[in-house]
Amino acid sequence: MQNVDIWSEEFGAATDTPILLIMGSMSQGVLWPDEFVGRLTAGGRRVIRYDHRDTGMSGTVDFAAEPYTWDDIKSDVYRVMDAHGLESAHLVGHSAGGLLGQLIAVERPERVRSLTVIASSPLGGGEGQVLVRALTGQPQPEGSLPEPAPEFVDFFRALVAAPPAQDRRTLIDGMIAEQRVLHGTGLPFDEDEARRLQERVHDRARDLSAVANHRLAAAADPGFEPVGVLDQVKTPTLVIEGSHEPVKPGHGAIIAERIPGARLMIVAGMGHTLPPETHQELADAILAHTAE
């Protein structure tokens with residue numbers, strides 16, 4: 001495992017109850033909105049967010065020379081906790097970050113005070129294969145996870161076929177278009193705010209193209225996710241899904257069914273992003289779930 005530099009920042013008092021925010025694949029830590037983080041901090045939490053390797057201000061890797069797997073990305077979670085002096089923390093994971101949280105709750109339960117999973121898929125459920133089959137038009141076998149919404153599939157098929165952007169403006173326009181699809185159709189989409197966010201993401205990245213290494217890491221170890229282990233999760237678990245989730249619709253209910261005692265929360269209007277209209281509801285739920 002390479003000791004890649006990992007950028008992180010924390011908010012709140014060092015004596016407050018710690019929450020570690022784990023963002024999804026190919027995503028920077030600043031996609032945890034500042035307002036949402038502020039609400040958690042105001043609620044008496046010490047909040048830490050970080051950039052995965054090959055995203056944002058964290059180190060980038062020459063994957064051909066130094067390949068890695070998602071096991072290394074998972075190990076980075078422990079490295080962040082160790083760097084901040086945390087023997088344990090409340091883990092809050094979004095999308096693939098929620099998948100990592102599930103795995104850590106199985107693998108190292110002593111390090112997880114509670115688990116919150118947002119817009120994620122069940123560990124070992126084959127979400128990656130479902131997405132590949134949807135994008136390539138292959139039929140889904142019986143028992144597969146629900147597949148993404150048609151508008152999500154259509155967008156990413158077109159994205160794969162399109163030539164790469166050649167300038168900053170075109171690249172950011174494409175990032176905004178992707179955010180619009182991920183946002184879903186349940187709430188108004190604020191394009192001005194989306195542009196501010198994606199400009200921030202673009203401008204703070206060491207190498208924006210390096211995020212593709214996360215896909216290579218998944219392909220390097222397709223058996224990364226253990227199957228049939230969610231019943232081993234004993235930590236208190238909150239599962240959150242938007243009513244308009246376009247990427248992993250219905251996956252939250254499956255997680256909640258498989259983790260003993262887990263509670264499912266549906267957020268009206270939310271898609272696969274964390275828009276301002278949801279911040280208070282999400283923060284209140286997480287503050288209640290992490291109360292000690």
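Numbers for residues simply follow the sequence, beginning at 1. All figures in this text were calculated on a predicted structure; none of them were measured in a lab.
- A donor-acceptor distance shorter than 3.5 angstrom exists from the side chain of Arg45 to the backbone of Leu287, with no hydrogens or angles considered.
- Although no hydrogens or angles enter the test, the distance criterion places a donor-acceptor pair under 3.5 Å between the side chain of Asp51 and the main chain of Met57.
- Side chain of Asn213 to main chain of Val61: a donor-acceptor pair is present (N/O by atom type, distance under 3.5 Å, no hydrogens or angles).
- Distance CD/Gln179 to NE2/His272: 12.0 Å, rounded to 0.5 Å.
- With contacts defined as side-chain heavy-atom distances shorter than 4.5 Å, the pair Arg133/Pro141 qualifies.
- By the 4.5 Å heavy-atom criterion applied to side chains, Leu182 and Val247 are counted as neighbours.
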Could you walk me through whether Asp167 and Thr170 pass the side-chain hydrogen bond (donor to acceptor under 3.5 Å, both in side chains) check?
CA-CA 6 Å; Asp167 58 80; Thr170 304; 3.0 Å; yes
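- Heavy atoms only, all atoms of each residue included: Ala218 and Trp70 are closest at N-CD1, 3.5 Å.
- Between Arg180 and Glu178 no salt bridge is recorded (no basic side-chain N to carboxylate O distance below 4.0 Å).
- Between Pro122 and Leu230 there is a side-chain heavy-atom pair separated by less than 4.5 Å.
- Using a 4.0 Å cut-off between charged side-chain N and carboxylate O, Arg79 and Asp76 make a salt bridge.
- Looking only at distances, no side-chain donor or acceptor of His251 sits under 3.5 Å from a matching main-chain atom of Ile255.
- Salt bridge annotation for Glu10-Arg46: present, with a cationic side-chain nitrogen under 4.0 angstrom from a carboxylate oxygen.
- In this structure, a donor-acceptor pair under 3.5 Å is present between the side chains of Tyr78 and Glu107.
- Contact of the Val92 side chain with the Ile118 side chain is registered, since non-hydrogen atoms from C-beta on lie closer than 4.5 Å.
- In the hydrophobic clustering of ILVMFWY residues, with side-chain heavy atoms under 4.5 Å counting as a link, Ile6 and Ile73 come out together.
- Residues Glu9 and Ile48 form no side-chain contact, since every pair of their non-hydrogen atoms from C-beta on lies 4.5 Å or further apart.
- When all heavy atoms of Ala205 and Gln28 are compared, the pair lying nearest together is CB-NE2, 3.8 Å.
- Checking side-chain atoms of Ser27 against main-chain N and O of Met23 turns up no donor-acceptor pair under 3.5 Å.
- With hydrogens and angles disregarded, a donor-acceptor distance shorter than 3.5 Å links the side chain of Ser243 to the backbone of Gly269.
- Panel note: side chain Asp72, backbone Thr69; a donor-acceptor pair is recorded below 3.5 Å.
- Residue Leu274 comes nearest to Pro33 through the heavy atom pair O-CG, 3.5 Å, listed as atom of the first residue, atom of the second, then distance.
- The structure places CG of Leu115 at 8.5 Å from CD1 of Ile22, a figure rounded to the nearest 0.5 Å.
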Please evaluate residues Val130 and Val132 with respect to the criterion side chain to side chain contact (heavy atoms under 4.5 Å, CB included), reporting the C-alpha separation (whole Å), side-chain torsions for both, the decisive distance (0.1 Å), and the verdict.
CA-CA 6 Å; Val130 170; Val132 168; over 6 Å; no
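- Minimum interatomic distance between Glu35 and Pro276 (heavy atoms only, all atoms of both residues): OE1-CB, 4.2 Å.
- In this structure, Asp203 pairs ionically with Arg168, as a charged nitrogen and a carboxylate oxygen lie closer than 4.0 Å.
- Rounding to the nearest 0.5 Å gives a distance of 14.0 Å between CZ of Arg157 and CZ of Phe155.
- Hydrophobic cluster membership is shared by Val112 and Val80, with clusters built from Ile, Leu, Val, Met, Phe, Trp and Tyr side chains linked at under 4.5 angstrom.
- Scanning both residues, Ala134 and Glu147, for their nearest heavy atoms gives CB-OE1, 3.8 Å.
- Sorted by first and then second residue, the side-chain hydrogen bond (donor to acceptor under 3.5 Å, both in side chains) pairs with a member in residues 257-267 form an empty list; sequence neighbours excluded.
- Annotation: Glu87, atom CD; neighbour count of heavy atoms from other residues, nucleotides and ligands within 6.0 Å does not exceed 12.
- Salt bridge Arg196/Glu199: absent, no basic N to carboxylate O contact under 4.0 Å.
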Starting from the C-alpha separation in whole Å, work towards a yes-or-no answer on side chain to side chain contact (heavy atoms under 4.5 Å, CB included) for Met270 and Glu241.
CA-CA 8 Å; Met270 189 173 81; Glu241 181 174 314; over 6 Å; no
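- Ion pair Arg111/Asp82 flagged as a salt bridge, since at least one NZ, NE, NH1 or NH2 atom sits closer than 4.0 Å to an Asp/Glu carboxylate oxygen.
- Counting heavy atoms from C-beta on, the side chains of Ile286 and Leu40 come closer than 4.5 Å.
- By the 4.0 Å N-to-carboxylate-O rule, Asp34 lies close enough to Arg49 to be salt-bridged with it.
- Taking the six-membered ring for Trp and thresholds of 30 and 60 degrees, Trp32 and His94 have ring planes more than 60 degrees apart, a perpendicular arrangement.
- A donor-acceptor contact under 3.5 angstrom links the side chains of Ser88 and Arg113, judged on distance only.
- Taking a cutoff of 4.0 Å between a charged side-chain nitrogen and a carboxylate oxygen, Arg53 and Asp5 do not qualify as a salt bridge.
- Between Glu245 and Gly271, the closest heavy-atom pair is OE1-O, 3.4 Å.
- To the nearest 0.5 angstrom, Arg200 atom CZ is 6.5 Å from Arg204 atom CZ.
- Residues Ser58 and His52 form no side-chain contact, since every pair of their non-hydrogen atoms from C-beta on lies 4.5 Å or further apart.
- Atoms CG and OG, from Asp54 and Ser25 in turn, are 10.5 Å apart once rounded to the nearest 0.5 Å.
- Of the possible donor and acceptor atoms, none in the side chain of Glu127 sits under 3.5 Å from a partner among the backbone N and O of Ser121.
- His289 has its ring centre no less than 6.0 Å from the ring centre of His90.
- Remark: Met26 CE to Leu208 CG distance equals 11.0 Å, nearest 0.5 Å.
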Mind running side chain to side chain contact (heavy atoms under 4.5 Å, CB included) on Leu20 and Val77 for me, showing each step along the way?
CA-CA 9 Å; Leu20 177 62; Val77 179; 3.7 Å; yes
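- Between the His214 side chain and the Gly24 main chain, no donor and acceptor come within less than 3.5 Å of each other.
- The shortest distance between side-chain heavy atoms of Pro148 and Leu131 falls below 4.5 Å.
- Taken together through direct or relayed side-chain contacts under 4.5 Å among Ile, Leu, Val, Met, Phe, Trp and Tyr, Ile266 and Leu282 form parts of separate hydrophobic clusters.
- Under a 3.5 Å cut-off, the side chain of Gln102 and the backbone N or O of Leu123 do form a donor-acceptor pair.
- Under the ring-ring contact (aromatic ring centres under 6.0 Å, His included) criterion, Trp7 pairs with no residue, sequence neighbours left out.
- In terms of hydrophobic clustering, with Ile, Leu, Val, Met, Phe, Trp and Tyr side chains grouped at heavy-atom distances under 4.5 Å, Val106 and Met81 are assigned to a common cluster.
- Using the six-membered ring where Trp is involved, Phe36 and His279 have ring planes that are tilted, between 30° and 60° apart.
- Annotation: Arg215, atom CZ; neighbour count of heavy atoms from other residues, nucleotides and ligands within 6.0 Å does not exceed 12.
- Checked against Ile259 for a side-chain contact (heavy atoms from CB on, under 4.5 Å), the options Val233, Val117, Asp231, Thr235 give a single hit: Val233.
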